[in-house]
There are 2 protein chains.
Amino acid sequence: MQDYRYQSLHQFLKSQILHGVYEDGDLLPSENELSQFHKLTRTTVRQALSELQKEGYIVKQKGKGSIVNIRRKRLGLLSFKGFSEVIGHSDQKVSNTVLSGPLLQNWPKDFFYDLNALEKSARCIYLKRIRSVNTDPVMLEETYLPNQNLEGLIGKKLIKGSLFSTLILQYQIEVNSMDQDVRAIKANAHLAKTLSLNENDPVLHIYRKYGTSRPGYFIYSSLYFNTENYAIGSYFK
Amino acid sequence: MQDYRYQSLHQFLKSQILHGVYEDGDLLPSENELSQFHKLTRTTVRQALSELQKEGYIVKQKGKGSIVNIRRKRLGLLSFKGFSEVIGHSDQKVSNTVLSGPLLQNWPKDFFYDLNALEKSARCIYLKRIRSVNTDPVMLEETYLPNQNLEGLIGKKLIKGSLFSTLILQYQIEVNSMDQDVRAIKANAHLAKTLSLNENDPVLHIYRKYGTSRPGYFIYSSLYFNTENYAIGSYFK
DNA sequence: ATATTTAACCTGTATGTACAAGTTATCACT
DNA sequence: AGTGATAACTTGTACATACAGGTTAAATAT
């Protein structure tokens, strides 16, 4: 991997975007400038930009340029989108509370996905968060990360309060796929209390397994939504 | 639109695939053959194939060719995928029963999405279906299509039992985007009966608005899932 | 007969060039 | 001041060519 020139440029530009060299809405250098500076044909530069476009890091506009797109809105809640974008676009205030910081523990027995031997032997980093809209708790999220080469994550404060931002900037782990199961369940006592519901009220439940740019490394989440007042919106194209 | 050579070839190949000239797993003519036959450069042919690839109509394999991919599995249930693929891949038998065939009627009052004047004036084609796995009813779907230039659809039998297949083959209407709201609700008496549940059991409910290749034309659906035995799986990358 | 090499095909990467077409700021004209 | 043409950018499309590297089946050697 990483043998080709367009891939090098692709990674170079992605890294610059992720490290804030360009801000949301900024223009990348033009294709001609990039080809001149990196000594590549415009065709090759265009291939690198095309990759960035596929990943949602830039939007191209004819006659104008390549526009950096930090908040990638191409997918919905049921994909990778951050929570603030799920409800977002209105004037709602979304907040994020960590109930249990990143801490090392054993895997729960009867874990919701099958783990391989490597994952089992690694123990897991556990994270429990609540997300609220205008003080109403809307989502409870429990995240489980196999403790493989994640030195320093335990107990650490997350960058921008986001686990995904922390993983990509500190560990170069990028989430690039997701498998999920969605169900409607009845709230038990604990869920009812946490999400301000009555027992047996309907709750939206999602199990997720995230694939990452680190081969064989997966992240697991269990999400519970109070959908009484806020539906879970998502958009696909 | 449609002024460029790669777009013509793209549409030509897509049409051939949709009309069954190639079956699932077949190889398209090679890039050299296509460029020779259509008098285009391989670069241009590759651009057309790249579009087909983005849309999921083909999968390319180095050294082998472009493999036709009829069942497009790139998106999950929560996207455009057909129901049979949602549960699919196991040995489950999925069946589809039309409760109320395509029939013309007025829009329900308090329709779940805001309609524009054109849609309101057109009345709607209504379709009510149940989908089952091994005789267990799993999903109730109500679909509403504005009656605009859809002569002949009312009362007609659907091609391959699929509304989307019928629309693309008969009317060249292709669904290309979707907006949805997901909730967990309590089953009312009618839902409980239809989906073999008890009243007040949790039900997964989805409102959908589909965008199509016909500008300004949208399709609306309301879906109810019994997720007691089958979760709604979906995969994204 | 079986294993191995080879040749013919395929897609992927890369260079170089040319013109079409959208965007924007500047300049000239009214 | 305001309008409109222009020039200098930008990305998009399309051509032609070359070689790298994966796949497959036929030719060759064992």
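Reckoned from all heavy atoms, side chains included, excluding hydrogens, waters and symmetry mates. Chain identifiers are assigned alphabetically (A, B, ...) following the order of the sequence lines, protein sequences preceding nucleic acid strands; residue numbering begins at 1 within each chain.
Residues of residues 43-52 of chain B that place a heavy atom closer than 4.0 Å to DNA chain D, in numerical order, are Thr43(B), Thr44(B), Gln47(B).
In terms of phosphate contacts, Gln61(B) brings a side-chain nitrogen or oxygen within less than 4.0 Å of OP1 or OP2 of dT23(D). Under 4.0 angstrom from either OP1 or OP2 of dA14(D) there lies no side-chain N or O belonging to Thr41(B). In this structure, Lys64(B) reaches the dT24(D) phosphate: one of its side-chain N or O atoms is under 4.0 Å from OP1 or OP2. For the pair Arg42(B) and dA18(D), the criterion of a side-chain N or O lying under 4.0 Å from OP1 or OP2 is not met.
Between the side chains of His10(B) and Ser50(B), not a single donor N or O lies within less than 3.5 Å of an accepting N or O.
For the pair Asn32(B) CG and dT23(D) P, the interatomic distance rounds to 18 Å; values are reported in whole Å. As rounded to whole Å, 11 Å separates atom C1' of dT11(C) from atom CD1 of Ile58(B). Between the CD atom of Gln36(B) and the P atom of dA16(D) there is a distance of 13 Å, rounded to whole Å. Rounding to whole angstrom units, CZ of residue Arg5(A) and C1' of dG16(C) are separated by 13 Å. Atoms CG (Leu34(B)) and P (dC10(C)) sit 10 Å apart, rounded to a whole Å. Atom CG of Leu40(A) and atom C1' of dT13(C) are 12 Å apart (whole Å). Atom CD of Glu33(A) and atom P of dA8(D) are 17 Å apart (whole Å). Separating the NE2 atom of His10(B) from the P atom of dA14(D) is a distance of 14 Å, rounded to the nearest angstrom.
Atom CZ of Phe37(B) has 12 or fewer neighbouring heavy atoms from other residues, nucleotides or ligands inside a 6.0 Å radius. Few gaps surround CG on Asn116(B); more than 12 heavy atoms of other groups in view lie less than 6.0 Å from it. More than 12 heavy atoms of other residues, nucleotides or ligands lie within 6.0 Å of CD in Gln16(B), so this atom counts as buried by the packing criterion.
Ring-plane geometry between Tyr220(A) and Tyr113(A) is classed as tilted, the angle between the planes lying from 30 to 60 degrees on a 0 to 90 degree scale. Taking the six-membered ring where tryptophan is involved, the planes of Tyr4(A) and Tyr6(A) are essentially parallel, since the angle between them stays under 30° and well short of 60°. Note on ring orientation: taking the six-membered ring where Trp is involved, the planes of Phe112(A) and Tyr207(A) are parallel (angle under 30°, cut-offs 30° and 60°).
Of the candidate nucleotides dT23(D), dT11(D), dA14(D), dT11(D) has the atom nearest to the side chain of Lys62(A). Listed nucleotides dA18(D), dT23(D), dG21(D) differ in distance to Tyr4(A); the shortest reach to its side chain belongs to dG21(D).
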